[in-house]
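Notes follow the structure.
Since the structure is predicted, the reported quantities are computational estimates derived from the model, not experimental observations.
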Amino acid sequence: FDLHDPRPENREYVRVSYYAIPPIYTIPYRSIYSKTVSNLLFASRLISVSHIAHGTTRLQRTLAAIGQAAGIAAALCGKFDCSPREIYRSHIETLRQRLLLNDASIPGAVNNDPLDVAKKASVSATSERRFSAETVSEWLPLSRPAGLMLWDFPKQLDSIAFLLRNQSDTDLTLRARLLLRKAEHPYKGHEPGKFPYERAVNEVEWGYDNSLSVFAEQGSAFAQLSPGEHQVCFDFGQKLIPKDPCCDENRYVIELEAKEKADCVLMAVDNGFYDFARLVVSGESAFDAQPKCPVFTISPEPLYAEAENVISGVNRRFSYNPVAMWQSDPASPFPQSVTLNFETPQSLSAVQVTFDTLERTYTEMPLDCGLRVSGRTVRAYSLEILANETWQMVAEERENYHRLCRHKFPAVKATALRLTVNAAWDNAYGARVYEIRAYEESCNII
């Protein structure tokens, strides 16, 4: 965020100072109701903030979110016949859940709406992206230490396996080092330069300093590589730090080094782009991070973009990782479907779907690129209900550009619900869906 301060030399002009403290935070509900007037809510720049906090709350889209919270709070005051302060004391979770239902952003809050029957379902998809890289695009010689940078990671690293090739005629010893970039003072300021592996630059991005000096070794493991091509497993059995879902400041590197005949050791590399990982090659003073990934599997395997994310209760990503959505495999052609199966039939009459529209940097937003819609957004889709062993279409959209889509239809006793994505505005992204909610006939979605 940026602060505007008077310039000492000329108070008619301001000095703008940029900060990144922290990347994501929430606005307290208590700052939008009056301390002295019992029935008064504030829904704009009138809210109670310090000068520093005002650097973010004054922005138009943030103010719109504050207005949404104030409006729903006022509606709940009418429903419960209470004051705004009593909403905080007795009904704050109801307010949070109603905001989530209406696509508000609340880090740490998840959908626990008891009326959402989608949460009772088991979920499957025609394809999904997992926390691994499997396609061999090229082979990289380990003449310099190289490996994997993890921007997302499990709570525990038991083991990790790489696809390697030994072109010599003898067994070779390999060492894998586990390195952690842990910011001593996260969120403070931003570093000059740019991402060497992103297509655009965000002037207020953070956490991309890959200097060797900022990574500390956490452990190591050894393995033998016999002649030929093998999956080589390195056992660590090591606890990792918690992943902050609102910040990519911390990340791990697993660096492989051949103790001898390094030119004879090749690492398989997948040239596909993965949110959670990068290929890194060690340089003299920094890791060179590239938008590709070593072929690897990890244990335990974290949740990445599997279909079950659509009922996880999280309706957006708050940092680069975790992605918190279902993504179909971009290599699999459309149509792609995600299906919710119910153990017992449910009487459905409304479905709510949340798609991905979030470009990473402001320079890529449709508004700044002269576009109507983000390329990653689902363009064409249909909703079907399985009733009496027959699929019935209840909604279809061919030119969607919305993130939040709601459909109401005559009540159907359903044993399954299927969302089929037929196209995205840029099909290279595949299908990308954050959340699916389903409601029975008696429930009214606002």
Side-chain angles (χ1 to χ4, degrees), residues 24 97 99-113 116-134 150-155 242-248 272-277 297-298 300-332 334-343 351-360 374 376-378 381 383 400 402-406 416-421 424 429-439:
I24 299 276
Q97 289 300 315
L99 282 166
L100 289 178
L101 174 65
N102 287 277
D103 202 30
S105 176
I106 310 177
V110 298
N111 166 25
N112 60 20
D113 186 350
D116 177 14
V117 299
K119 298 180 72 67
K120 303 177 182 179
S122 60
V123 188
S124 61
T126 48
S127 72
E128 55 189 9
R129 302 193 74 187
R130 306 187 67 87
F131 202 100
S132 63
E134 301 175 348
L150 290 175
W151 286 59
D152 197 3
F153 36 84
K155 297 178 181 178
K243 173 67 178 76
D244 184 345
C246 292
C247 179
D248 289 313
F273 181 81
Y274 296 87
D275 301 82
F276 55 81
T297 57
I298 193 170
E301 183 179 302
L303 190 68
Y304 172 42
E306 288 87 342
E308 63 187 277
N309 278 332
V310 301
I311 60 169
S312 69
V314 180
N315 65 355
R316 70 181 67 222
R317 68 203 293 184
F318 295 101
S319 63
Y320 211 42
N321 292 283
V323 298
M325 73 180 85
W326 166 57
Q327 295 179 8
S328 67
D329 183 352
S332 301
F334 286 110
Q336 292 290 318
S337 299
V338 58
T339 303
L340 280 63
N341 292 288
F342 303 106
E343 187 174 342
V351 173
Q352 176 172 303
V353 184
T354 305
F355 296 113
D356 182 21
T357 60
L358 184 63
E359 297 293 344
R360 185 175 189 200
S374 166
R376 67 183 64 217
T377 304
V378 167
Y381 67 91
L383 283 168
N400 173 62
H402 294 289
R403 173 183 147 85
L404 181 67
C405 298
R406 286 170 168 161
L417 167 66
R418 182 167 66 194
L419 168 69
T420 299
V421 178
Y429 283 104
R432 303 166 76 93
V433 181
Y434 278 111
E435 185 177 56
I436 298 176
R437 294 187 182 218
Y439 291 91

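- Counting all heavy atoms, side chain and backbone alike, D116 lies closest to A438 at OD1-N, 3.0 Å.
- Side-chain contact check for F131 versus L303: every heavy-atom pair is 4.5 Å or farther apart.
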In sequence, state the C-alpha distance, the side-chain angles, and the governing distance for R316 and D103, and then conclude on salt bridge (Lys or Arg N to Asp or Glu O under 4.0 Å).
CA-CA 9 Å; R316 70 181 67 222; D103 202 30; 3.4 Å; yes
Would V310 and E435 count as a side-chain contact (heavy atoms from CB on, under 4.5 Å) if you check the C-alpha gap in whole Å, the side-chain angles of each, and the deciding distance to 0.1 Å?
CA-CA 4 Å; V310 301; E435 185 177 56; 5.7 Å; no
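- Atom CG in D329 sits 7.0 Å away from atom CZ in R129 (nearest 0.5 Å).
- Side-chain contact between C405 and N400 is present, with heavy atoms from C-beta onward closer than 4.5 Å.
- Distance alone, capped at 3.5 Å, is enough to place a donor-acceptor pair between the S328 side chain and the A431 backbone.
- Here E306 contributes atom CD and W326 contributes atom CH2; the two are 12.5 Å apart, rounded to the nearest 0.5 Å.
- Residues satisfying the side-chain hydrogen bond (donor to acceptor under 3.5 Å, both in side chains) test with E301, not counting sequence neighbours, are R130.
- Residues S319 and C246 approach most closely at CB-C, 3.7 Å, considering heavy atoms.
- For the atom pair OG1 of T357 and CZ of R376, the computed distance is 8.5 Å after rounding to the nearest 0.5 Å.
- Among all heavy-atom pairs drawn from N309 and A305, the shortest one is ND2-CA, 3.6 Å.
- No side-chain donor-acceptor contact under 3.5 Å links N111 and N315.
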Between F318 and S105, is the side-chain contact (heavy atoms from CB on, under 4.5 Å) condition met? List the steps.
CA-CA 9 Å; F318 295 101; S105 176; 3.1 Å; yes
In sequence, state the C-alpha distance, the side-chain angles, and the governing distance for F342 and L417, and then conclude on side-chain contact (heavy atoms from CB on, under 4.5 Å).
CA-CA 8 Å; F342 303 106; L417 167 66; 4.3 Å; yes
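- Note that the OG1 atom of T354 and the CG atom of L404 stand 5.0 Å from one another [nearest 0.5 Å].
- Q97 places a side-chain N or O within donor-acceptor distance of the main-chain N or O of N112, the cut-off being under 3.5 Å.
- Because its NZ or CZ atom is not both nearer than 6.0 Å to the ring centre of Y434 and within 45° of the ring axis, R317 does not count as a cation-pi partner of that residue.
- The side-chain hydrogen bond (donor to acceptor under 3.5 Å, both in side chains) test applied to T339 returns no partner, not counting sequence neighbours.
- Between F355 and Y381, the ring planes are tilted. Angles from 30° to 60° get that label.
- Annotation for I436 and A118: closest pair O-CB, 3.4 Å, computed over non-hydrogen atoms.
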Let me see the working for I311 and L340 under side-chain contact (heavy atoms from CB on, under 4.5 Å), right down to the final yes or no.
CA-CA 9 Å; I311 60 169; L340 280 63; 4.2 Å; yes
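- With no hydrogens or angles considered, no side-chain donor-acceptor pair links N321 and Y304 at under 3.5 Å.
- L101 contributes atom CG, which lies 5.0 Å from atom CZ of R437 (distance to the nearest 0.5 angstrom).
- Taking each heavy atom of D275 and W151 in turn, the nearest pair found is O-CB, 4.1 Å.
- Inspection of the Q336 and S127 side chains reveals an N or O donor paired with an N or O acceptor under 3.5 Å.
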Candidate pair K243 and D152, rule salt bridge (Lys or Arg N to Asp or Glu O under 4.0 Å), full reasoning
CA-CA 7 Å; K243 173 67 178 76; D152 197 3; 5.3 Å; no
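- We find the CG-OG distance between L419 and S337 to be 7.5 Å, quoted to the nearest 0.5 Å.
- Closest approach of S132 to Y274, counting heavy atoms only: O-CE2, 3.5 Å.
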